[in-house]
Amino acid sequence: MMPRFFVSEPPSGGIITIDGSDAVHIGKSLRMAVGDELTVCRNGIDYQCEIIGITREDVTLKVISESPSNEPNIQLTLFMAMPKLDKLELIVQKSVELGVVRICPVLTKRCISRPDNERFKSKRERLQKIALEAAKQSGRGIIPEVSDIMSFDRCVSEMARMDLGIVCYEKGGVSLRDIEISKAQKIGLFIGSEGGFEPGEIEILEESGIRKVWLGDRILRCETAPLAATTIIMFLTGNM
């Protein structure tokens, strides 16, 4: 795959400039030179570019062509009850590869790990870097966001405003294939932590219109369930 980088500014006169650590990576690690080609992404658009200038500080690119990125046609947000932080790293990496657009850590009653947002700030920066690298590796057109820690009530409120809200529950529910997922564009997926959900939390979710689903007879670990559910959703919506 052609090297892939993300920029925040659109091309100006058909020219894109990359600076900072990405420029150093292009020149020193990848040993690219004038005439080499790479892909630059911004807001779901892929720009195929040729290097026309390179220094220690920046890389100047000429846009050869542009096309929509190969992004899913749904916006799937993963609401993840806060697991232990090493597990959250894996969840972020793999869910980005699978196509989620946002990962929101949520504090539920049975969460073992309960950092506050101040303590989570540095960890979030690392998780966002993991999301960036996963987006590059998997050919994403956007960098999915890792949010600050969210309360259960805010999670429920956000999910209720989406086209479809789904919570995976080990004690039963409908199959994902029995839900009309293909009619939804904005989907929220809620996964429990190591201890699962309190029955009262499930009641609140259902009262808010969020569908309870069951992934099968085998109880999945909290880092496996979001990846299994995301894969199924992407398959059912034609995004695999």
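M32 places a side-chain heavy atom less than 4.5 Å from the side chain of I51. The side-chain heavy atoms of I232 and T230, taken from C-beta on, include no pair separated by under 4.5 Å. The side-chain heavy atoms of T108 and C111, taken from C-beta on, include a pair separated by under 4.5 Å. Between F120 and L127 there is a side-chain heavy-atom pair separated by less than 4.5 Å. Side-chain contact between L215 and E170 is absent, with no heavy-atom pair separated by less than 4.5 Å. At least one side-chain heavy atom of P105 sits less than 4.5 Å from a side-chain heavy atom of L88. At a threshold of 4.5 Å between non-hydrogen side-chain atoms, the residues E125 and K129 do not count as touching. Taking the side chain as every heavy atom from C-beta outward, I233 and F235 never approach each other to under 4.5 Å.
Shown here is K123, whose NZ atom has more than 12 heavy atoms of other residues, nucleotides or ligands within 6.0 Å. Within 6.0 Å of NZ in K87 there are more than 12 heavy atoms belonging to other residues, nucleotides or ligands.
Judged by distance alone, the side chains of S67 and D46 never bring a donor and an acceptor atom under 3.5 Å apart. Side-chain atoms of R126 and S122 form no donor-acceptor pair, as typed in the model, at a separation below 3.5 Å. A donor-acceptor contact closer than 3.5 angstrom links the side chains of T237 and N239.
With values rounded to the nearest 0.5 angstrom, Y169 atom OH is found 10.5 Å from L205 atom CG. One distance of note links OG of S147 with CZ of F79; it measures 8.0 Å at 0.5 Å rounding. Here the OG atom belonging to S208 is positioned 13.0 Å from the CD atom belonging to E158, to the nearest 0.5 angstrom. Taking CD of E50 as the start and CD1 of I16 as the end, the distance is 13.0 Å to the nearest 0.5 Å. Distance CZ/R140 to CG/N70: 9.5 Å, rounded to 0.5 Å. Atoms OG1 and CD, from T231 and E97 in turn, are 10.5 Å apart once rounded to the nearest 0.5 Å.
A salt bridge is absent between K109 and E201: the closest approach of a Lys/Arg side-chain nitrogen to an acidic carboxylate oxygen does not fall below 4.0 angstrom. A salt bridge links K136 with D22; the closest basic N to acidic carboxylate O contact falls under 4.0 Å. Residues E145 and R124 are paired through a salt bridge, judged by an N-O separation under 4.0 Å between the basic side chain and the carboxylate. Salt bridge D163/K183: absent, no basic N to carboxylate O contact under 4.0 Å. Using a 4.0 Å cut-off between charged nitrogen and carboxylate oxygen, R110 and E194 do not count as a salt-bridge pair.
Nearest heavy atoms, V96 versus A134: CG1-CB, 3.7 Å. Considering every non-hydrogen atom in both C104 and T77, the closest pair reads SG-CG2, 3.9 Å. Minimum interatomic distance between L220 and A228 (heavy atoms only, all atoms of both residues): CD1-CB, 3.9 Å. When all heavy atoms of A184 and I74 are compared, the pair lying nearest together is O-CG2, 3.8 Å. Scanning both residues, L189 and A229, for their nearest heavy atoms gives CD2-CB, 3.8 Å. When every heavy atom of S151 is checked against every heavy atom of R154, the shortest pair comes out as OG-N, 3.1 Å.
V34 and I18 fall within the same hydrophobic cluster, where Ile, Leu, Val, Met, Phe, Trp and Tyr residues are linked whenever their side-chain heavy atoms come under 4.5 Å apart, directly or through other members. At a threshold of 4.5 Å between side-chain heavy atoms, the hydrophobic network of Ile, Leu, Val, Met, Phe, Trp and Tyr places I210 and I191 in two separate groups. When hydrophobic clusters are built by joining Ile, Leu, Val, Met, Phe, Trp and Tyr residues whose side-chain heavy atoms come closer than 4.5 Å, directly or via intermediates, L90 is not grouped with L85. By the rule that hydrophobic residues join a cluster once side-chain heavy atoms approach within less than 4.5 Å of another member, V24 and V7 end up as members of separate clusters. One hydrophobic cluster, built from ILVMFWY side chains closer than 4.5 Å, holds both M234 and I187.
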Take M80 and C222, measure what side chain to side chain contact (heavy atoms under 4.5 Å, CB included) needs, and give me the verdict at the end. CA-CA 9 Å; M80 185 71 219; C222 71; 4.1 Å; yes
Let me see the working for Y47 and L61 under side chain to side chain contact (heavy atoms under 4.5 Å, CB included), right down to the final yes or no. CA-CA 10 Å; Y47 299 94; L61 309 168; over 6 Å; no
Run the side chain to side chain contact (heavy atoms under 4.5 Å, CB included) check on L236 and L176 step by step: do they pass? CA-CA 8 Å; L236 292 174; L176 276 167; 4.1 Å; yes
May I have the step-by-step check of side chain to side chain contact (heavy atoms under 4.5 Å, CB included) for I142 and N43, ending in yes or no? CA-CA 6 Å; I142 63 167; N43 290 350; 5.9 Å; no
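For the pair T55 (side chain) and D58 (backbone), a donor-acceptor distance under 3.5 Å is present. Judged by distance alone, with hydrogens and angles left aside, the side-chain atoms of S95 form a donor-acceptor pair with the main-chain N or O of I91 at under 3.5 Å. Listed for the T39 side chain is no donor-acceptor partner under 3.5 Å among the backbone atoms of R4. No side-chain donor-acceptor contact under 3.5 Å links S69 to the backbone of E71. No donor-acceptor distance shorter than 3.5 angstrom exists from the side chain of R114 to the backbone of M82, with no hydrogens or angles considered.
Taking the six-membered ring where the residue is Trp, F190 and F197 present perpendicular rings, their angle passing 60° and hence far from 30°.
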